[in-house]
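Bear in mind the structure is a predicted one, so any value in this text is a computation, not a measurement. Both counts, for ligands and for their atoms, begin at 1 and track the order of listing. Numbering starts at 1 and runs along the sequence shown.
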Amino acid sequence: MHRPVPLKQADVAGPSPPKWLREGLDHVWLPYAQMKTALPPLPVVETRGSRIKLADGRELIDGIASWWTACHGYNHPHIRRAIESQLAQLPHVMFGGLAHEQALTLARRLTALLPDDLDRVFFSDSGSVAVEVALKMAVQYAVNRGQRGKTRFVSFRYGYHGDTTGAMAVSDLDEGMHASFKAALPDHFIADLPHNEHSTMQLTASLERHGDEIAAIIVEPLVQGAGGMVFHQADVLRTLRTLADRYGALLIFDEIFTGFGRTGALFACEAAAVTPDIITLSKALTAGTLPLAATIARNKVFEAFWSDDAGKALMHGPTFMANALGCAAANASLDLFEHEPRLRQVDAISRQLATELEPCRELPGVRDVRVKGAIGVVELDRIADINTLRARFVDEGVFIRPFGNIVYLTPSFTISEGELAVLTHAIRKVLSGRRA
Ligand SMILES: Cc1ncc(COP(=O)(O)O)c(C=O)c1O
């Protein structure tokens, strides 16, 4: 049966959506969307800096940086040049049995930036897969050391680690978007973060009882992103480090959201002064240009796989792992972190967000306003009609995409003060006019 995506809110897509949108829309399945009721996507023809240009000529200021990937803004010339020159020379070769300069240089540079002996990089092609690899590393770490039965994980309420099966299973299935899959997924321990005495005692008791089964504790350090932009303090991570060590579990930091400056330091683990055993990176790794991810292990993890026994090898190898274009983009992005004042820009964005979002606290239906690094959040009691809210932002000339009960900004770090002011003004204006 042919069920077209409704283009009924054609004014959102523009007065006359381009032919490719009209003809192609019935053949794509959009992310996180009820296809029957979702607004049609906005037809984009060009991106530059913090601007998204639509097919009808409108230009939106981007508050999300494409799911917080485009940390240097879109189409940064340094990254573009790096990808173009790599494309002419070597776009991709398989990483099994072959190596190339961009991947090995990137591995060396990433490990030099990360703390302690987080020294061994396994490349993949998306955040979810990087998490799958981390989970497999943790399970096999125990197997290779002769520890049987360590096959489960501790993860946290409001946590989100991706959409693949293993990653969903360690995400918060009750609060999150994957509840329908609960019965089909392995059962892990979803705990409250140990942010007070009670939750610390509960987590400790659970580890005391089930420590023999637990391969690793996995957490998004400092900010739980897609599960609701929930912040916590560094001492939570110190507690997790202590508990992981006490109960013989590995500690995995999923820095796919927080990595590369988003919280104010280059990595959240560095800000918290806690070194995990495994860290996952993606998203801003290539500054939002190409899909690439990395799972990086400490030496003690790698050493458990180092053997004359082929059965102790890590059996994983995505076809496009260490893609040369992606690695070239990531190396160029690291150049920009080295040579341009990105973390100072994050600091300035943080201060501006705090000042300009604070008045939202007085608006009806606003439950909380919070800012960390270049993340600004206005939490509402509820959003009754998310489509109308999203469309109102487009009317204001901005791209802001609320989810759940959250309106948030994760702009590029190169956004100008004026552009950011347009975004925060739009939030204040749209939320003021909303019926709570
Ligand atoms: C913390 C975290 N982990 C994992 C993922 C999954 O990454 P991907 O969408 O690239 O699979 C995300 C994506 O939002 C994320 O924020």
Problem set entry | Contacting atoms of ligand 1, where contact means under 4.0 angstrom from a heavy atom of Gly162 | 4 (C), 6 (C)
For this session: Consider ligand 1: state whether an atom of it lies below 4.0 angstrom from any non-hydrogen atom of Lys283.
Result: yes
For this session: May I ask you to check if ligand 1 and Trp68 share an N or O to N or O distance below 3.5 Å?
Result: no
Exercise. Taking the side chain from Ser128 and the backbone from Asp163, do they hold a donor-acceptor pair closer than 3.5 Å?
Worked result: yes
Exercise. Against heavy atoms of Asp254, which atoms of ligand 1 measure under 4.0 Å?
Worked result: 1 (C), 2 (C), 3 (N), 4 (C)
Problem set entry | Gly127-ligand 1 polar pair, N/O distance under 3.5 Å | yes
Exercise. Has the side chain of Ser206 got a donor or acceptor atom that lies under 3.5 Å from a matching backbone atom of Gln202?
Worked result: no
Exercise. Do the two ring centres, one from Tyr247 and one from His210, sit under 6.0 Å apart?
Worked result: no
Exercise. Which ligand 1 atoms does Ile256 reach within 4.0 Å, using its non-hydrogen atoms?
Worked result: 2 (C), 3 (N), 4 (C), 5 (C), 12 (C), 15 (C)
Seminar exercise, completed: So the atoms of ligand 1 within less than 4.0 Å of a heavy atom of Ser128 turn out to be 6 (C), 7 (O), 8 (P), 11 (O)
Exercise. Quick one: does ligand 1 sit under 4.0 Å from the side chain of Glu220, the backbone, both or neither, non-hydrogen atoms only?
Worked result: side chain
Exercise. Which residue holds the protein heavy atom closest to atom 12 (C) of ligand 1, what is that atom called, and what is the gap in Å?
Worked result: Tyr160 CE2, 3.6 Å
Problem set entry | Heavy-atom donor-acceptor pair, Asn75 side chain to Thr47 backbone, under 3.5 Å | yes
Exercise. Around atom CD of Gln34, are there more than 12 heavy atoms of other residues, nucleotides or ligands at under 6.0 Å?
Worked result: yes
For this session: Measure centre to centre between the rings of Phe267 and Phe260, then say whether the value is under 6.0 Å.
Result: yes
Seminar exercise, completed: For atom 4 (C) of ligand 1, the closest protein heavy atom turns out to be His161 O, 3.2 Å
Exercise. Should the proximity of Trp67 to ligand 1, defined as any heavy atom under 4.0 Å, be assigned to the side chain, the backbone, both, or neither?
Worked result: neither
Exercise. Does the side chain of Ile427 come within less than 4.5 Å of Glu356's, by heavy atoms?
Worked result: no
Exercise. Going by the side chain to side chain donor-acceptor pair (under 3.5 Å) test, which pairs reach into residues 248-273, not counting sequence neighbours?
Worked result: His161-Asp254, Asp254-Thr280, Glu255-Thr258
